[in-house]
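Each remark here refers to the structure printed beneath this line.
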Amino acid sequence: QVQLAESGGGLVQAGGSLRLSCVISGRTFSRYSVGWFRQAPGKEREFVVVISLSGGSTYFADSVKGRFTISRDNAKQTVYLQMNSLKPDDTAVYYCAAGSAFGGAPRLYNYWGQGTQVTVSS
């Protein structure tokens with residue numbers, strides 16, 4: 001029983017910032033990696049970043065490298081995605097997901113949140 005819930009999405013202007021939160025609960029929380037994905041209308045789900053909950057290792061997609069950061073607070077069972085220098089192309093529904101592997105393929109993740117909308121205007 002693992003559940004995730006995203007929050008923090010909204011409407012921002014290009015160049016602005018948002019911080020998304022993912023609260024995760026379940027018996028296997030400390031063993032999992034948590035990834036962020038996004039999906040824009042008419043496009044496939046896209047990997048954004050992943051973090052290991054145990055060791056804190058991270059891996060970013062090239063499209064967000066240098067603009068986004070990820071962090072974890074295991075005591076609060078929460079993963080944060082700090083998004084800076086946002087672009088209109090970042091507009092999408094953002095999902096967090098948990099799985100036992102460390103990687104960018106959606107198939108590696110067994111549990112998904114409901115998503116939160118991020119809209120970046122120009």
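Since this is a predicted model, take the numbers as computed values, not measurements.
- Residues in residues 90-105 take part in these salt bridge (Lys or Arg N to Asp or Glu O under 4.0 Å) pairs, two or more places apart or across chains: Arg38-Asp90, Arg67-Asp90.
- Taking CE of Met83 as the start and CZ of Arg19 as the end, the distance is 11.5 Å to the nearest 0.5 Å.
- The hydrophobic cluster containing Val50 does not contain Tyr32, counting ILVMFWY residues as joined when their side-chain heavy atoms lie under 4.5 angstrom apart, directly or transitively.
- Applying the 6.0 Å contact sphere to NZ of Lys65 captures more than 12 heavy atoms from other residues, nucleotides or ligands.
- Between Gln117 and Thr91 there is a side-chain heavy-atom pair separated by less than 4.5 Å.
- Taking each heavy atom of Tyr95 and Glu6 in turn, the nearest pair found is CA-OE2, 3.1 Å.
- By the rule that hydrophobic residues join a cluster once side-chain heavy atoms approach within less than 4.5 Å of another member, Val12 and Leu81 end up as members of one cluster.
- Connectivity analysis of hydrophobic side chains (ILVMFWY, heavy atoms under 4.5 Å, direct or indirect) links Leu11 to nothing; its cluster partners are none.
- Between Asn110 and Val2, the closest side-chain pair of non-hydrogen atoms is not below 4.5 Å.
- Phe68 contributes atom CZ, which lies 9.5 Å from atom OG of Ser17 (distance to the nearest 0.5 angstrom).
- The distance from the CD atom of Gln114 to the CD atom of Gln3 is 10.5 Å, given to the nearest 0.5 Å.
- Linking Ile, Leu, Val, Met, Phe, Trp and Tyr whenever their side-chain heavy atoms come within less than 4.5 Å puts Val49 and Tyr111 in one cluster.
- Nearest approach of Ala40 to Ala92, heavy atoms of both residues: N-CB, 3.8 Å.
- Summarising the geometry of Gly55 relative to Ser52, their closest heavy-atom pair is N-OG, 3.3 Å, with the distance given to 0.1 Å.
- A 4.5 Å side-chain heavy-atom check between Arg72 and Val34 finds every atom pair outside the cut-off.
- Here CD1 of Ile24 is found 4.0 Å from CG of Leu4. Values are rounded to the nearest 0.5 Å.
- With rounding to the nearest 0.5 angstrom, the SG atom of Cys22 is 14.5 Å from the OH atom of Tyr94.
- The shortest side-chain heavy-atom distance between Leu20 and Trp36 falls under the 4.5 Å cut-off.
- A 4.5 Å side-chain heavy-atom check between Val79 and Leu53 finds at least one atom pair inside the cut-off.
- In this structure, Ala101 and Ser33 approach most closely via the heavy-atom pair O-CB, 3.4 Å.
- For the atom pair CD1 (Ile51) and OH (Tyr59), the distance works out to 15.5 Å, reported to the nearest 0.5 Å.
- For the ring pair (Phe, Tyr, Trp, His ring centres under 6.0 Å) test, residues two or more places apart in sequence or in another chain that qualify with Phe37 are Phe47, Tyr109, Trp112.
- Closest heavy-atom contact between Leu18 and Leu86: N-CD1, 3.9 Å.
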